[in-house]
Amino acid sequence: MMQRFKGLIKLKQARNGILSYQRNFSALPYDAQYDDPQDQVLVEGRAKSRAAILNRPASRNALTIPMVARLKRLYESWEENHDIGFVLMKGSGKAFCSGSDVVSLCELLNEGKMEECKTYFQTLYKFVYLQATYLKPNVAILDGFTMGSGAGIAVPGMFRVATNKTVFAHPEAQIGFHPDAGASFYLSRLPGYLGEYLALTGDKLNGVEMIACGLASHYALHERLDLIEERLGKLITDEATVIETSLAQYGDLVYPDKTSVLYKIETIDKCFSHDTVEEIVDALENEAANSYNEWCKNAIGKIKEASPLSLKVTLHSIREGRFQSLDQCLAREYRMSLTGMSKRVSNDFCEGVRARLVDKDFAPKWDPPSLEEVSKDMVDSYFSPLGELEPELELPTALREPYI
């Protein structure tokens, strides 16, 4: 048994192309018909595997407190069940997962229910860590929107299947938050300074681009997913190499087209390698002025829409993530999330959710309103230890040593 687990770990390290580089949200109404947690995450039983199906299609499968709790329980029980060889996760409807249900989180905050928000982030980050250290092969089918923490629950896993319908993005700064659920770990390991670009602008990648930069392990056309699932459902195995072969059988060899942002990596590195957000904006403005580059203007526009405080916090987070393990990133992101939720420094999170997802006036009143007014102390407070009265996030690193 241990030999198989060791082989599994080696294959996982090889498959996670993202790790070899040097280098969330839903605005839609709550699904009242899916109040029962068991309806929000459905289970399909197969011969030697199980599938978890995120099932809030009207909300693009945005994660709720009961959903992440159920996912964690299911994955823990499946790992212990010797009759189950591997597991799969997918979304219902036109999304894999659009991230956290931030509208509901803000409602909880406004009702003074901070403890429930803490429970959500604790459970979410522990599930991400579980995915990253899972002892059985696991597959995530990233068909449709895969955004924010929706990416976080999939990218650390062994196999990530992107499609021609996949839309990957981390637009947290645009609602006054920060890329979390392990995002500061995997974004910081993308080629060059692509992670900083994606985190500060909230720009999207498609499935082909996810393959090219290592965020996905396989690519398949949406139309072939039924064949892939049928094939996987018939497998009687716990061998990752067998699952790898089955996924590759229906995969496609693809390359980004010439309009892809990946062909702008030199400009991205030139502009987004600077130490501060102000310097990054200046570099983009100089590039736009000298080259009349419309792409630079668009990037500047996206940055200027975001919360100034979130931009600075996000850049600092990605830069720290470059030198931290996944568990260290998750522990730090937990501090950051609690600080952002507490409104101790700013109310930008709930204000951003209000402006973009509730009232939809797209006119947030950021506090502070400009980059120049965001002090170093404000940013540093997001990264400070929580203190004696507030427990840090505890992950089972002694029992489940992170190997990614």
Side-chain angles (χ1 to χ4, degrees), residues 24-31 34-41 52 54-56 59-76 89 91 95-132 147-156 170-172 175-184 310 313 317 326-327 329-344 347-350 352-354 357-358 382 386 390-396:
N24 345 336
F25 331 108
S26 173
L28 297 169
Y30 178 76
D31 300 57
Y34 302 116
D35 279 341
D36 189 327
Q38 293 195 9
D39 291 333
Q40 292 184 13
V41 180
L54 308 180
N55 189 43
R56 296 183 69 218
S59 297
R60 294 174 180 168
N61 301 322
L63 296 170
T64 64
I65 296 173
M67 283 176 78
V68 292
R70 179 161 160 79
L71 281 169
K72 183 171 177 287
R73 285 195 304 271
L74 287 172
Y75 270 67
E76 286 171 342
M89 190 187 335
F96 168 68
C97 178
S98 62
S100 299
D101 187 340
V102 292
V103 174
S104 293
L105 287 174
C106 282
E107 288 173 354
L108 289 173
L109 288 174
N110 291 332
E111 293 168 5
K113 298 178 179 177
M114 181 65 175
E115 290 302 315
E116 292 189 34
C117 293
K118 289 179 189 176
T119 299
Y120 172 76
F121 286 106
Q122 288 170 3
T123 311
L124 173 63
Y125 297 173
K126 287 178 180 179
F127 178 64
V128 171
Y129 188 74
L130 178 65
Q131 281 276 67
M147 305 172 82
S149 55
I153 64 171
V155 171
H170 273 284
E172 287 91 340
I175 61 157
F177 202 57
H178 64 97
D180 70 325
S184 65
S310 290
V313 167
S317 177
L326 176 63
D327 57 296
C329 286
L330 287 167
R332 172 177 47 72
E333 289 170 4
Y334 179 68
R335 293 186 200 121
M336 296 167 64
S337 295
L338 260 58
T339 302
M341 293 281 136
S342 71
K343 306 182 183 182
R344 183 164 46 87
N347 188 40
D348 274 5
F349 173 58
C350 284
V353 171
R354 179 206 65 76
L357 306 179
V358 181
Y382 279 76
L386 293 173
E390 188 64 68
E392 300 279 349
L393 179 70
E394 290 188 11
L395 297 169

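Remember, predicted model here, so these are calculated numbers, not experimental data.
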Quiz item: What distance separates Asn110 CG from Arg354 CZ, expressed to the nearest 0.5 Å?
Solution: 11.5 Å
Quiz item: Do you know which two heavy atoms are closest between Met147 and Pro171, and how far apart they sit?
Solution: CE-CG, 4.1 Å
Exercise. Could you grab the distance from atom OH of Tyr129 to atom CD of Glu394, nearest 0.5 Å is fine?
Key: 12.5 Å
Quiz item: Within the side chain of Arg60, is there an N or O that forms a donor-acceptor pair under 3.5 Å with the backbone of Ser98?
Solution: no
Quiz item: Got a donor-acceptor contact below 3.5 angstrom from the Gln40 side chain to the Arg56 backbone?
Solution: no
Quiz prompt | Side-chain donor or acceptor of Ser149 paired with backbone N/O of Ser100 under 3.5 Å | solution = yes
Quiz item: In Å and rounded to the nearest 0.5 Å, what is the CG to CZ distance from Asn61 to Phe96?
Solution: 8.5 Å
Quiz item: Out of Tyr125, Tyr382, Tyr120, which one pairs with Ser337 under the side chain to side chain donor-acceptor pair (under 3.5 Å) rule?
Solution: Tyr125
Quiz item: Of the non-hydrogen atoms in Met89 and Gln131, which two are nearest, and what is the gap between them?
Solution: CE-NE2, 3.3 Å
Exercise. In sequence, state the C-alpha distance, the side-chain angles, and the governing distance for Tyr334 and Gln122, and then conclude on side chain to side chain donor-acceptor pair (under 3.5 Å).
Key: CA-CA 7 Å; Tyr334 179 68; Gln122 288 170 3; 2.8 Å; yes
Quiz item: Under a 4.0 Å N-O cut-off, is there an ion pair linking Lys118 with Glu115?
Solution: yes
Practice problem: Check the pair Ser104, Thr64 against side-chain contact (heavy atoms from CB on, under 4.5 Å), reporting the backbone distance first and the verdict last. | Solution: CA-CA 8 Å; Ser104 293; Thr64 64; 5.6 Å; no
Exercise. Over 60° means perpendicular and under 30° means parallel, so classify the ring planes of Phe349 and Phe177, tilted if in between.
Key: tilted
